[in-house]
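Each chain gets a letter, A, B and so on, in the order its sequence line appears, and its residues count up from 1.
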Amino acid sequence: MNVFAIVKRQVDAAVAALIAEGKLPSGLDLARVAAEPPRESAHGDVTTNAAMVLAKPVGKSPRDLALLLVDKLKAAPDVVDATIAGPGFINLRLTDRVWLDVLRTVLGTGTAYGNATIGGGERINVEYVSANPTGPMHVGHARGAVVGDALARLLAKAGFAVTKEYYINDAGGQVDNVARALRMRYLQAIGRITEADVQGALERKEIQYGGAYLIPVAEALAARDGSKWAEVNDDAVWIPALREFIVAWMMKLVKEDLAALGVSHNIFVSEKALVDAGKVDAALAFLTEAGLTYTGILEPPKGKTPDDWEPRPQLLFKATQFGDEVDRPLKKSDGSWTYFAGDIAYHKDKVDRGFTDLVNVWGADHGGYVKRVQAALKALTAGKGQLDVQLCQMVRVLNNGEPVKMSKRAGTFVTMRDLIDEVGKDVVRFIMLTRKNDAPLDFDYAKVMEKSRDNPVFYVQYAHARGRSVFRHAAEMFPAADLSDKGLASADLNLLNDPDELAVMRTLAAWPRTIEGAALAHEPHRVAFYLSDLAAQFHGLWNKGNDTVALRFLQAENHALSLARLALVRGVGVVIASGLAVFGVEPVEEMR
RNA sequence: GACCCCGUAGCUCAACUGGAUAGAGCAUCAGCCUUCUAAGCUGAGGGUUGCAGGUUCGAGUCCUGCCGGGGUCGCCA
């Protein structure tokens, strides 16, 4: 039940009736007609822009058209009043019964309340994390993981058939580099070289990865294979072997870290598997057949020519035909594929698996890469495929305002594990969703654990816990009462006539459209703001009870009123739980 | 030099994809309070939405140009 969707249909019906009466021309486009909560609650319960949007196509002034519509809308079910305001808004007031019905619906549907059908069961692919298997995941990955996972849950709640996907970059030069670094640590593990040798190699940039996290990997390799790799000097032999070892190890760690964060993917796609299966060649052949590749020489970037720049002919993709700035290279000068070539094959693979609606969650440092992948997808799907890229900005980790730079484990950056160990997965998840992903985020260990109004995790969880507390008291006060959702739904809700109580129900009524809006915009953070609003309203009711005994939820001498208010308390709890479920956060029963 | 993101109250951020008088919290100021779970409550002040144009019934939101901050820029992924 979505009150605003129902009103929208009533508005559409009013327009249709006027058309049938010959007062309006037929064939009007109602797509831009909206039924929304007004910004000011004093303006009514629902507002529609119909008169303003349709004024021009029907050739009437907004006010004249509004007069016609108001006439019809006043007769619509549950409409108490319809008035014209401002430049042509039509404000509707609905009967209280509508809001009581909303509450009954919440109690009847539980946390499934808010589930929407706008997705229509359409398949959508959300790819996120996709961290290189070269080291432990850091805070940036944590943000991407949480944003992607919450977005996937949000889309599922909105009725999409979601596939959560992770792309393993296990084929490029970086995994070879980490294999080289592993060999150094391995030689150290079997006593051939010292720590100083490893550090020296790092300083001379002979290896790029040297973190202590490689030591246990090297020891495990030594335990399995003894000293055999010390004797093998043919790169073509030992690199693939060590690479395979480190990738398997790191992916195991990645999956463990993600599990600790409550994140799980449906499918992991290996870049190397795509390469080995010939899919890069096939994808590029596809583009070449379509006449979209050529060999050419790129201009150096203006204003910043690399020192070692020299013009070279390269195989290029005609990205400019699809909105990119320049054509993009597919082959390196040594003849091997670029990362982009592999990514084209990967996105073609997604398309071949039946996806046309794609979302990728990336770090903001990949922003310059968005257009070319979108261009490639258009080329691969004749324009049918849609790729939305959500870029996550930096996370600054702080403790009481002081930057936290060093990880306990990795030494150079704060790892995902550090975060989880410090504050717990639910706090990490919630806080990561309190900003839109393209805005930088401060993550302050002290602040996110603070028990205060300022801390949205605490504030929302506390509202839920307070609600549960009321129920524990209620069970003692009314031992014989049926406090189940079903029992509460049959309480006499007409007793809920306090304006603040009705205001809470209006907020509950806005939950389904919050889900729809957030899902369509791919913006899970909106749920966090909704939950904070709902929690604030609930705490407001609570505080009024502190001041005025008659406004407390539980009235020992008034069974019926207590049950009605318990229904409302429960309704708030259900919607908070429904929202936290989108975030993958557990609602708490009590706070101690 | 080019491209992408950001710029809203002293601070941290909203604003439901173009709607009405731009909203919260913190901080400040003025009162109140000791609890159905304590981690408080009520009210007040605070704005040329970086600047300048444009589009239209209507712009924080869309377009153009500046200013400021961040990111990226063939053979990394």
Side-chain angles (χ1 to χ4, degrees), chain A residues 4 32 34 36-40 43 47 49 52-53 55-56 61-62 85-89 91 130-132 134 169 171-175 177 208 271 297-306 308-312 314 316 324-326 328-329 331-336 338-340 342-343 363-371 391 393-394 434-436 438-440 442 447 450-454 456 458-459 462 465-466 468-470 472-474 477 510 513-514 516-518 520-521 523 525-526 529-530 532-533 536 539-540 542-547 549 552-556 590-592:
Chain A
F4 301 94
R32 287 183 58 222
E36 305 172 314
R39 205 189 288 239
E40 289 282 330
H43 290 143
T47 187
N49 59 358
M52 292 180 291
V53 171
K56 194 174 263 183
S61 77
F89 290 101
N91 293 327
S130 298
N132 290 346
T134 52
N169 301 134
Q174 291 307 315
V175 281
N177 287 337
Q208 287 179 26
E271 180 185 9
I297 301 172
L298 286 175
E299 296 283 313
K302 288 195 173 71
K304 195 208 166 209
T305 307
D308 57 348
W309 178 273
E310 46 181 291
R312 288 204 173 96
Q314 283 180 294
L316 301 172
D324 202 356
E325 318 300 327
V326 293
R328 302 293 181 176
K331 275 194 176 175
K332 303 178 195 172
S333 52
D334 67 0
S336 65
T338 58
Y339 179 78
F340 180 45
D343 221 7
D365 54 340
H366 291 63
Y369 192 72
V370 174
K371 278 189 183 174
L391 297 176
Q393 278 290 346
M394 300 269 291
T434 52
R435 293 280 178 272
K436 48 180 164 244
D438 54 8
D442 280 355
K447 279 192 178 162
E450 204 171 273
K451 294 174 175 177
S452 79
R453 167 98 218 230
D454 299 346
F458 165 78
Y459 200 60
Y462 189 33
R466 273 183 155 172
R468 301 310 296 159
S469 168
V470 173
R472 287 190 291 271
H473 282 268
M477 195 179 280
R513 69 186 303 280
T514 300
E516 290 178 4
L520 287 175
E523 289 185 353
H525 76 277
R526 290 191 197 183
F529 287 96
Y530 173 86
S532 290
D533 283 350
H539 288 305
W542 183 285
N543 290 331
K544 281 178 72 175
N546 277 346
D547 292 343
V549 173
R552 296 187 178 186
F553 300 127
L554 300 180
Q555 304 288 328
E590 57 183 341
M591 310 204 83
R592 289 290 174 195

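The residue A:Pro87 sits close to a base: some heavy atom pair falls under 4.0 Å. If you check every strand for non-hydrogen atoms under 4.0 Å, A:Glu310 touches a base. Across all strands, A:Asp334 comes closer than 4.0 Å to no nucleic acid atom at all (heavy-atom distances). Using a 4.0 Å heavy-atom distance criterion, A:Ser469 is classed as a base contact. Using a 4.0 Å heavy-atom cutoff across all strands shown, A:Pro456 reaches no nucleic acid atom at all. Here A:Glu450 lies out of heavy-atom contact (under 4.0 Å) with every strand. No engagement by A:Lys331 is indicated, since no non-hydrogen atom pair under 4.0 Å with the nucleic acid exists. As judged by a 4.0 angstrom heavy-atom cut-off over every strand, A:Lys451 is placed among the base-contacting residues. Within 4.0 Å of A:Phe89, counting heavy atoms only, lies at least one base atom of the nucleic acid. Here A:Gly173 lies in heavy-atom contact (under 4.0 Å) with sugar-phosphate atoms only. A:His525 comes within contact range of the sugar-phosphate backbone alone, with a heavy-atom separation under 4.0 Å but no base atom that close. Among the atoms of the strands shown, base atoms are found under 4.0 Å from some heavy atom of A:Met591. Counting any heavy atom pair closer than 4.0 Å across all strands shown, A:Thr47 reaches a base atom. In this structure, A:Tyr530 reaches neither bases nor backbone, as no heavy-atom distance under 4.0 Å exists between it and the strands shown.
Side-chain contact between A:Glu590 and A:Arg472: present, with at least one pair of heavy atoms (C-beta onward) separated by less than 4.5 Å.
Judged by distance alone, with hydrogens and angles left aside, A:Arg472 brings a side-chain donor or acceptor within reach of the base of B:rU37, the pair sitting under 3.5 Å. For a distance-only test at 3.5 Å, the side chain of A:Thr134 fails to qualify as a donor-acceptor partner of the base of B:rA77. For A:Tyr462 against B:rA39, a side-chain N or O and a base N or O form a donor-acceptor pair under 3.5 Å. For A:Arg513 against B:rC16, a side-chain-to-base donor-acceptor contact under 3.5 Å is present.
In this structure, the side chain of A:Ser336 does not engage the main chain of A:Lys332 through any donor-acceptor pair within 3.5 Å. Checked by atom type and distance alone, the side chain of A:Gln314 pairs as donor or acceptor with a backbone atom of A:Lys331 at under 3.5 Å.
Along RNA chain B, the nucleotide nearest A:Glu271 and the nucleotide nearest A:Asn546 are compared for position; the residue whose nucleotide lies closer to the 5' end is A:Asn546. Both A:Leu520 and A:Ser452 lie near RNA chain B, and the one whose nearest nucleotide falls closer to the 5' end is A:Leu520.
Rounded to the nearest Å, the gap between the P atom of B:rU48 and that of B:rU8 is 13 Å. For the C1' atom pair drawn from B:rC16 and B:rG23, the interatomic distance equals 13 Å after rounding to whole Å. Distance check on atom C1': B:rU17 versus B:rU61 gives 8 Å, rounded to whole Å. Taking atom P on both B:rA39 and B:rG50, the two are 37 Å apart, rounded to the nearest angstrom. B:rC5 and B:rU42 have their P atoms separated by 40 Å, given to the nearest Å. As rounded to the nearest Å, B:rC11 and B:rG47 have P atoms that lie 13 Å from one another. Taking atom P on both B:rA9 and B:rA22, the two are 15 Å apart, rounded to the nearest angstrom.
Checking the phosphate oxygens (OP1, OP2) of B:rC57, a side-chain nitrogen or oxygen of A:Lys56 falls inside 4.0 Å. An OP1 or OP2 oxygen of B:rA39 is reached within less than 4.0 angstrom by a side-chain nitrogen or oxygen of A:Arg466. In terms of phosphate contacts, A:His366 brings no side-chain nitrogen or oxygen within less than 4.0 Å of OP1 or OP2 of B:rG71. Side-chain nitrogen and oxygen atoms of A:Asn132 include none within less than 4.0 Å of the OP1 or OP2 phosphate oxygen of B:rA77.
A straight line from CD of A:Glu523 to C1' of B:rU61 spans 12 Å, rounded to a whole angstrom. As rounded to whole Å, 15 Å separates atom P of B:rC57 from atom CG of A:Asn49. Whole-Å rounding puts the A:Met394 CE to B:rG71 P distance at 7 Å. Between the P atom of B:rC3 and the CG atom of A:Asp324 lies a distance of 12 Å, rounded to the nearest Å. Taking atom OH of A:Tyr339 as the reference point, atom P of B:rA77 lies 9 Å away to the nearest angstrom. One interatomic measurement links the two molecules: CG of A:Asn543 to P of B:rG40, which rounds to 9 Å at whole-angstrom precision. Taking atom CD on A:Glu590 and atom P on B:rU37, their separation rounds to 11 Å, with Å as the unit. Residue A:Arg526 contributes atom CZ, which lies 7 Å from atom P of B:rA15 at whole-angstrom precision.
In this structure A:Glu523 satisfies the salt bridge (Lys or Arg N to Asp or Glu O under 4.0 Å) test together with A:Arg526, sequence neighbours excluded. Residues satisfying the side-chain hydrogen bond (donor to acceptor under 3.5 Å, both in side chains) test with A:Arg466, not counting sequence neighbours, are A:Tyr462, A:His539. For A:Asp365, the side chain to side chain contact (heavy atoms under 4.5 Å, CB included) criterion is met by no residue, not counting sequence neighbours. In terms of the salt bridge (Lys or Arg N to Asp or Glu O under 4.0 Å) criterion, residue partners of A:Lys544 (sequence neighbours excluded) are, by chain and number, A:Asp498, A:Asp500. Partners of A:Ala439 by side chain to side chain contact (heavy atoms under 4.5 Å, CB included), not counting sequence neighbours, listed by chain and number: A:Lys436. Listed by chain and number, the residues in a ring-ring contact (aromatic ring centres under 6.0 Å, His included) with A:Phe553 are A:Phe538 (sequence neighbours excluded). Partners of A:Glu450 under the salt bridge (Lys or Arg N to Asp or Glu O under 4.0 Å) rule, at least two apart in sequence or in another chain, do not exist in this structure. Annotation: side chain to side chain contact (heavy atoms under 4.5 Å, CB included) contacts of A:Ala171 (sequence neighbours excluded): A:Glu271, A:Lys272, A:Val275. With sequence neighbours left out, A:Asp442 forms a side-chain hydrogen bond (donor to acceptor under 3.5 Å, both in side chains) with A:Arg396.
The two residues A:Gln208 and A:Asn177 have their closest heavy-atom pair at NE2-ND2, 3.2 Å. Closest non-hydrogen pair, A:Ala85 versus A:Asn91, comes out as CB-ND2, 3.5 Å.
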Sub-3.5 Å pairs of nitrogen or oxygen atoms, protein against nucleotides 21-32 of chain B:
{"from": "B:rG25", "atom 1": "O2'", "to": "A:Asp454", "atom 2": "OD1", "distance (Å)": "3.2"}

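A cation-pi arrangement is absent between A:Arg328 and A:Phe340, since the terminal nitrogen or guanidinium carbon is not both under 6.0 Å from the aromatic centre and inside a 45° cone about the axis.
With a 6.0 Å radius and a threshold of 12 heavy atoms from other residues, nucleotides or ligands, A:Met477 has its CE atom above the threshold.
Listed by first residue number, the stems of RNA chain B with at least three Watson-Crick or G-U pairs below 3.5 Å are B:1-7 with B:67-73, B:10-13 with B:23-26, B:28-32 with B:40-44, B:50-54 with B:62-66.
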Footprint string (nucleotides 4-12 of chain B, 5' to 3'): B base within contact, S backbone only, - free, heavy atoms under 4.0 Å: SSS-----S

